[in-house]
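Structure record follows, encoded as structure tokens.
Every chain is numbered from 1, with letters handed out A, B, ... down the list of sequences.
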Amino acid sequence: MKVGTWNINSVRQRINLVTRFLRAEQPDVLCLQETKVVDELFPAGPLRRLGYVHQAIRGQKGYHGVAIVSRLPFRSVASGDFCREGHARHLCVVLENGVELNNFYVPAGGDIPDPRVNPKFAHKLAFLSAMARAFRNRPHDRRAPVVLVGDLNVAPLENDVWNHKQLLDVVSHTPIETELLAEVKDAFAWSDIARDEFVPHDRKLYSWWSYRAADWRASDRGRRLDHIWVSPGLKGAATHHAIHKKLRGWKGASDHVPVVAEFALQPAKDCRPPP
DNA sequence: ATGGTAGCACCGCTA
């Protein structure tokens, strides 16, 4: 099973990039964030024609919005109550193969990293706390195959940003955020497959490069904001992981690039007994 | 120290 996650920064503006990516990469499932479109105007057709006929969408006007498009049928679709502002920032599907897939768009948090003066930062911290609480309180079958992906808007490790010291007081890499994200991770014993399974911690790794750089490639001031986590039941199941940096160079690119993982699943474990 | 870009909505907000 191959899963992708991509903050697309308007799915209507970039539908041709999405289809180009799907044609080339052929994931079974793609999770999108920042779709920026109400459900009635979601570009379902071009995705359906590529075989992504199963679509869970949760959009809102102008901002935020998440979607999961899939070649595998869904057993169920739900969205959690993590966002006190009522934004469209989470979707959860259970796939036909029994894998539960959570797609998150964590609030960016504004510019000032102080919850007392910046309500957007306070909201981001509240959202992450709600994630930690939800997964901590969830009864867990440790063998259950659960995946969490999305734009978590936090670059947790030193080499997830271009300059650790310089970014310690920049929203996305402050200690209060990285510690909270670590709590979310501990709450379900998640494995961050990029760092825990594929790429050594001393290597720089980014999934986002600002639009505001004159030359994003030359300055290379990136951050790793987009993540794929797996529950203990899927630890070691990933056979491939990639961050598609090349797509940042496509004409009209999103500021985020897709992150992809491939899993070898044990069919027996994931099969639902016949009704 | 500052300002740089992008999308959507609508003349500012969010990222």
Side-chain angles (χ1 to χ4, degrees), chain A residues 5-21 31-43 46 57-67 82-90 103-115 117-128 149-156 160-163 165-174 176-178 180-181 206-227 244-245 247-259:
Chain A
T5 177
W6 194 4
N7 178 320
I8 194 62
N9 186 23
S10 174
V11 69
R12 284 182 296 174
Q13 196 67 21
R14 282 178 247 287
I15 185 61
N16 292 338
L17 302 191
V18 176
T19 53
R20 184 174 165 194
F21 169 72
C31 296
L32 295 167
Q33 303 88 35
E34 273 208 271
T35 52
K36 292 189 172 179
V37 65
V38 292
D39 296 351
E40 302 75 58
L41 298 176
F42 184 84
I57 54 181
R58 182 159 176 243
Q60 64 179 89
K61 192 173 180 176
Y63 304 102
H64 324 307
V66 286
F82 302 94
C83 182
R84 66 186 189 192
E85 306 295 327
H87 300 163
R89 294 183 178 275
H90 174 254
N103 179 17
F104 278 98
Y105 176 45
V106 173
D111 288 332
I112 305 163
D114 182 346
V117 301
N118 175 5
K120 289 205 284 283
F121 193 70
H123 178 221
K124 180 179 198 175
L125 301 182
F127 192 103
L128 288 166
V149 308
D151 176 4
L152 304 185
N153 264 315
V154 179
D160 291 338
V161 294
W162 63 278
N163 186 316
K165 279 188 183 162
Q166 207 163 321
L167 287 174
L168 275 171
D169 60 355
V170 173
V171 171
S172 74
H173 194 60
T174 63
I176 184 166
E177 293 167 85
T178 55
L180 243 183
L181 191 70
Y206 314 136
S207 64
W208 172 89
W209 290 261
S210 172
Y211 281 127
R212 298 180 194 179
D215 185 337
W216 70 274
R217 201 191 306 268
S219 58
D220 200 24
R221 296 185 169 187
R223 304 178 202 169
R224 188 172 72 99
L225 304 177
D226 303 276
H227 302 268
H244 289 254
K245 179 175 180 177
L247 272 67
R248 185 62 181 77
W250 282 4
K251 187 175 166 57
S254 169
D255 46 355
H256 296 252
V257 298
V259 182

Say you pick atom [atom1] in [N] and the same atom in [M]; how far apart are they, in whole Å?
N      : M      : atom1 : result
B:dT14 : B:dC10 : P     : 13 Å
B:dG12 : B:dA1  : C1'   : 25 Å
B:dC13 : B:dA9  : P     : 16 Å
B:dG7  : B:dG3  : P     : 23 Å

- [ ] Describe, in one word, how the ring planes of A:H87 and A:H123 are oriented to each other, choosing from parallel (under 30°), tilted (30 to 60°) and perpendicular (over 60°).
- [x] perpendicular
Open item on the list: Parallel, tilted or perpendicular, judged at 30° and 60°: which one describes the rings of A:F127 and A:F82?
Closed with: tilted
Task: A:R212 side-chain N/O to B:dT2 phosphate OP1/OP2 under 4.0 Å - done: no
Open item on the list: Does a side-chain N or O of A:R89 approach OP1 or OP2 of B:dA15 to a distance below 4.0 Å, or not?
Closed with: yes
Residues in salt bridge (charged side-chain N to carboxylate O under 4.0 Å, His left out) with [X], at least two apart?
X      : result
A:R89  : none
A:D226 : none
A:D169 : none
A:K245 : A:D220

Open item on the list: Would the distance check show the side chain of A:N118 and the main-chain N or O of A:I112 forming a donor-acceptor pair, the cut-off being under 3.5 Å?
Closed with: yes
Length of the line joining [X]:[atom1] and [N]:[atom2], which is rounded to integer Å:
X      : N      : atom1 : atom2 : answer
A:R221 : B:dT2  : CZ    : P     : 16 Å
A:I112 : B:dA15 : CD1   : P     : 14 Å
A:N153 : B:dA15 : CG    : P     : 8 Å
A:I8   : B:dG7  : CD1   : P     : 11 Å
A:I15  : B:dG7  : CD1   : P     : 15 Å
A:D215 : B:dT5  : CG    : C1'   : 14 Å
A:Y211 : B:dG3  : OH    : C1'   : 18 Å
A:N7   : B:dA15 : CG    : P     : 11 Å

TODO: Would you kindly compare A:A213 and A:E34 by the position of their nearest DNA chain B nucleotide and give the one closer to the 5′ end?
DONE: A:A213
Task: Contact summary for A:T174 and A:F121, nearest pair of heavy atoms - done: OG1-CZ, 3.9 Å
Open item on the list: Could you report the tightest heavy-atom contact between A:R14 and A:G252, atom names first, then the distance?
Closed with: NH1-O, 2.7 Å
Open item on the list: Please encode protein proximity along nucleotides 8-13 of chain B as a string of B, S and -, counting only heavy-atom distances under 4.0 Å.
Closed with: SS--BB
- [ ] Could you identify which residues of residues 248-257 of chain A place a heavy atom less than 4.0 Å from some atom of DNA chain B, listed by residue number, or say none?
- [x] none
- [ ] Let me see the working for A:W209 and A:R217 under side-chain contact (heavy atoms from CB on, under 4.5 Å), right down to the final yes or no.
- [x] CA-CA 8 Å; A:W209 290 261; A:R217 201 191 306 268; over 6 Å; no
